[in-house]
Amino acid sequence: MRKVYMDHSATTPVDPEVASLMMTYYTEKYGNPSSIHSFGQEAREALEKAREQVAGFIGAQPAEITFTSGGTEADNLAVLGAAEAYRKKGKHLITTAVEHHAVLETFEFLAKNGFELTILPVDEYGLLSVEEVRKAIRPDTILLSVMQANNEVGTIQPIAEIGKLAKERGVLFHVDAVQSLGKIPVNVDDLNVDMLTISSHKIYGPKGVGALYVRKGIRLIPLVHGGGQEKKRRSGTENTPGIIGFGKACELAQARMEEEAERLTELRDRLLDGILERIDYVKVNGPRGARRLPNNVNVSIQFVEGESLLLSLDMVGIAASSGSACTSGSLDPSHVLLAMGLPHEIAHGSLRFSLGRQNTEEDVDYVLEQLPKIVERLRQMSPLFDQMQREAGAK
Amino acid sequence: MYTEKVMDHFTNPRNVGEIPDADGVGEVGNPKCGDIMRIYLDIEGDIIKDVKFKTFGCGAAVATSSMVTEMVKGKTIPEALDISNAAVAEALGGLPPNKLHCSNLAADALHAAIKDYYDKQEKAKG
Ligand SMILES: Cc1ncc(COP(=O)(O)O)c(C=O)c1O
Ligand code: FES
């Protein structure tokens with residue numbers, strides 16, 4: 001059976017070049033970078049090279065990069081670390097309703113512990129308006145966090161403008177760039193950001209590695225205390241093979257980004273248009289065109305439920321994801337789709353395809369061949385579909 | 001995540017469809033995740049001659065609907081009323097803990113259809 005992986009926003013395969021480089025640092029050059037002997041020093045050298053690669057990719061100085069155990073920890077370090085460091089200056093925090101849980105839950109935690117939180121709404125495309133941000137900023141606002149691109153619907157926010165505003169008003173600005181890195185330009189100066197989160201496993205690097213960019217001069221209270229690694233920002237013996245893999249993955253992504261983004265954009269639109277052509281009662285979630293990540297397709301297929309879609313797709317070898325309540329552990333539909341104003345039943349039939357390096361035109365066509373059959377079968381089973389048809393017939 | 005039996009019933013659900021002029025129809029919505037199930041019964045004497053379902057829901061919801069229809073076909077009404085949510089889940093070889101509520105839907109829809117049948121009988125008697 002054909003296997004088509006279209007869940008690259010969940011995670012990506014490790015690039016073989018990255019994996020083989022990492023292997024060396026597991027089995028041969030395994031020294032602790034804090035040791036002064038040659039074993040330690042060769043690991044240290046490779047670690048610092050990785051820091052340069054990561055920094056270079058986002059237009060930062062190597063000293064501004066703190067390695068972490070992933071995007072989640074980097075988000076936590078940014079939000080908790082900055083709130084704690086600047087709490088004497090003010091207690092007000094701002095974020096958006098469509099952030100990843102790693103940001104949203106961290107802010108909610110602070111809101112329960114003495115901070116005041118404003119959660120900004122988005123429009124029907126998941127877009128935040130700069131005006132909303134302007135209105136929300138108060139004299140006691142210390143931190144603002146907005147993701148560059150949304151992981152579910154691919155909406156790209158006007159980060160540079162928001163950053164400019166934050167700078168003018170003296171508010172620290174954190175950006176989660178986990179989904180945008182490697183797909184669209186991410187440059188900390190162009191975007192006017194103070195802190196920026198990135199994660200390795202979304203760009204063909206290993207899982208469990210990420211980084212927080214922190215602009216020079218900004219203070220952060222660490223989450224993890226101990227031996228003082230990463231300039232005391234993040235103690236613990238460095239995950240050298242992982243970090244070195246992350247560095248390499250950044251180098252490769254940087255070299256391939258422009259061409260790959262163009263290729264993925266074509267595949268994205270082929271898939272999106274193909275679905276709309278072949279299936280009735282489909283709603284596109286998120287914007288179309290340049291405001292959408294090159295690799296993201298998200299649609300709601302009415303009268304069918306997302307988990308049923310995923311199971312059926314999986315049986316023909318296609319891997320995707322859904323924001324349906326039935327697929328979430330909490331049995332709540334995606335907070336992103338709800339924030340965009342989607343009714344519960346439309347969020348229920350949401351389906352995300354996230355494209356990546358291995359995907360081809362043939363893969364897209366295979367999905368376009370399989371999906372209509374699956375939808376047809378599930379709609380035959382759906383009490384909502386026949387109800388709609390009866391009502392339409394009665395008119 | 002799901003047992004082979006669940007996947008079998010999800011892939012090849014038994015008794016999908018409707019019964020025109022059914023003797024009893026039961027529809028329930030799942031307050032937890034918003035899914036919907038409808039069951040149609042064809043009853044002769046007090047035997048369930050035929051049963052069909054339509055379900056909008058997850059894999060577990062579809063599989064439990066299919067299973068419950070298979071379990072009640074040819075049974076008497078008191079026997080059908082005895083079928084519990086747990087029995088349906090068990091017949092499927094178990095469900096993941098966060099999917100147990102889906103099996104409630106099937107038994108509840110069945111019970112609602114039987115109640116609808118009784119209500120209709122009452123009405124017919126005038
Ligand atoms: C926008 C966003 N932020 C943060 C994360 C968390 O990153 P990690 O999986 O490296 O902890 C993800 C991953 O799903 C993400 O999509
Ligand atoms: S019907 Fe929604 S989780 Fe099963």
Side-chain angles (χ1 to χ4, degrees), chain A residues 1 281 300-335 337-338 342-351 370 373-390 393, chain B residues 1-20 22 25-40 52-67 69 95-106 108-109 112-113:
Chain A
M1 183 177 55
Y281 305 106
S300 279
I301 302 186
Q302 279 181 263
F303 317 114
V304 296
E305 186 282 317
E307 192 204 275
S308 290
L309 281 169
L310 295 186
L311 288 173
S312 307
L313 285 167
D314 191 44
M315 285 189 299
V316 294
I318 300 168
S321 83
S322 167
S324 163
C326 304
T327 57
S328 81
S330 64
L331 296 175
D332 290 321
S334 139
H335 68 286
L337 298 178
L338 294 184
L342 255 67
H344 204 295
E345 67 271 19
I346 307 279
H348 229 123
S350 76
L351 192 56
Q370 296 296 327
K373 292 192 264 186
I374 290 168
V375 171
E376 166 78 19
R377 186 180 93 86
L378 293 174
R379 280 185 177 164
Q380 288 305 325
M381 247 192 263
S382 165
L384 297 176
F385 190 58
D386 64 30
Q387 190 175 322
M388 180 278 298
Q389 282 182 319
R390 257 199 306 275
Chain B
M1 176 169 119
Y2 289 130
T3 63
E4 237 168 78
K5 201 110 188 229
V6 172
M7 286 312 289
D8 174 40
H9 276 266
F10 173 71
T11 322
N12 305 296
R14 331 309 193 233
N15 307 308
V16 179
E18 313 175 28
I19 299 175
V25 181
E27 178 173 310
V28 292
N30 190 333
K32 265 226 152 108
C33 57
D35 297 322
I36 296 168
M37 180 179 304
R38 199 187 294 149
I39 283 187
Y40 301 83
K52 297 260 191 251
F53 80 92
K54 288 222 165 175
T55 290
F56 168 83
C58 71
V62 171
T64 49
S65 311
S66 166
M67 184 47 109
T69 60
L95 287 169
N98 64 333
K99 293 288 180 177
L100 279 172
H101 72 276
C102 316
S103 65
N104 300 355
L105 211 57
D108 289 353

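Per chain, numbering begins at 1; letters A, B, ... match sequence-line order.
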Practice item. Could you tell me which portion of B:Thr11 (side chain, backbone, both or neither) has an atom closer than 4.5 angstrom to a non-hydrogen atom of chain A? Key: both
Check your understanding: Given a strict heavy-atom distance threshold of 4.5 Å, which part of B:Ala60 is in contact with chain A: side chain, backbone, both, or neither?
Key -> backbone
Review point. Any idea which heavy atoms bring A:Glu307 and B:Gly59 closest together, and the distance?
Key: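 Reported closest heavy-atom pair: OE2-N, 2.9 Å.
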Check your understanding: Minimum heavy-atom separation for B:Pro13 to A:Met381, with atom names?
Key ->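 Taking B:Pro13 first and A:Met381 second, the nearest heavy atoms are CG-CE, 3.7 Å.
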Practice item. Please identify each residue that fulfils side chain to side chain contact (heavy atoms under 4.5 Å, CB included) with B:Pro96, with sequence neighbours left out. Key: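 In terms of side chain to side chain contact (heavy atoms under 4.5 Å, CB included), with neighbours along the sequence ignored, B:Pro96 is linked to B:Met1, B:Tyr2, B:Asn98, B:Lys99.
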Review point. If you round to the nearest 0.5 Å, how far is CD1 of B:Ile36 from NE2 of A:His348?
Key: 9.0 Å
Review point. Who are the ring pair (Phe, Tyr, Trp, His ring centres under 6.0 Å) partners of B:Tyr40, not counting sequence neighbours?
Key: none
Exercise for review: Under 4.5 Å, counting heavy-atom pairs only, tell me which of B:Thr55, B:Val16, B:Val62 racks up the most with chain A.
Suggested key: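 Ranked by heavy-atom pairs under 4.5 Å with chain A, first place is B:Thr55.
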Practice item. Among B:Met37, B:Glu27, B:Glu18, single out the residue with the greatest number of heavy-atom pairs under 4.5 Å to chain A. Key: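 The residue among B:Met37, B:Glu27, B:Glu18 with the greatest pair count is B:Glu18.
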Review point. What residues form a salt bridge (Lys or Arg N to Asp or Glu O under 4.0 Å) with A:Glu376, not counting sequence neighbours?
Key: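 With neighbours one apart ignored, the set is empty.
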Review point. Backbone N or O of A:Arg379 within a donor-acceptor pair of the B:Lys54 side chain at under 3.5 Å?
Key: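 No.
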Point to revise | Exam field: side chain A:Glu305 to backbone B:Phe56, donor-acceptor pair closer than 3.5 Å | key: no
Review point. Do A:Arg377's NZ or CZ and the ring of B:Phe10 fall within the cation-pi criteria of under 6.0 Å and 45°?
Key: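 Yes, A:Arg377 sits over the ring of B:Phe10.
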Check your understanding: Contact part of A:Phe303 toward chain B, heavy-atom cut-off under 4.5 Å: side chain, backbone, both or neither?
Key -> backbone
Practice item. Check the pair B:Arg38, A:Asp386 against side-chain contact (heavy atoms from CB on, under 4.5 Å), reporting the backbone distance first and the verdict last. Key: CA-CA 11 Å; B:Arg38 199 187 294 149; A:Asp386 64 30; 3.4 Å; yes
Exercise for review: Would you please go through residues 308-320 of chain A and name the residues with a non-hydrogen atom below 4.5 Å from one of chain B, in numerical order?
Suggested key: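 Heavy-atom contacts from residues 308-320 of chain A to chain B are A:Ser308, A:Leu311, A:Ser312, A:Met315.
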Review point. In terms of heavy-atom pairs under 4.5 Å, which option from A:Cys326, A:Ser382, A:Pro383 contacts chain B the most?
Key: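 Answer, by heavy-atom pair count under 4.5 Å with chain B: A:Pro383.
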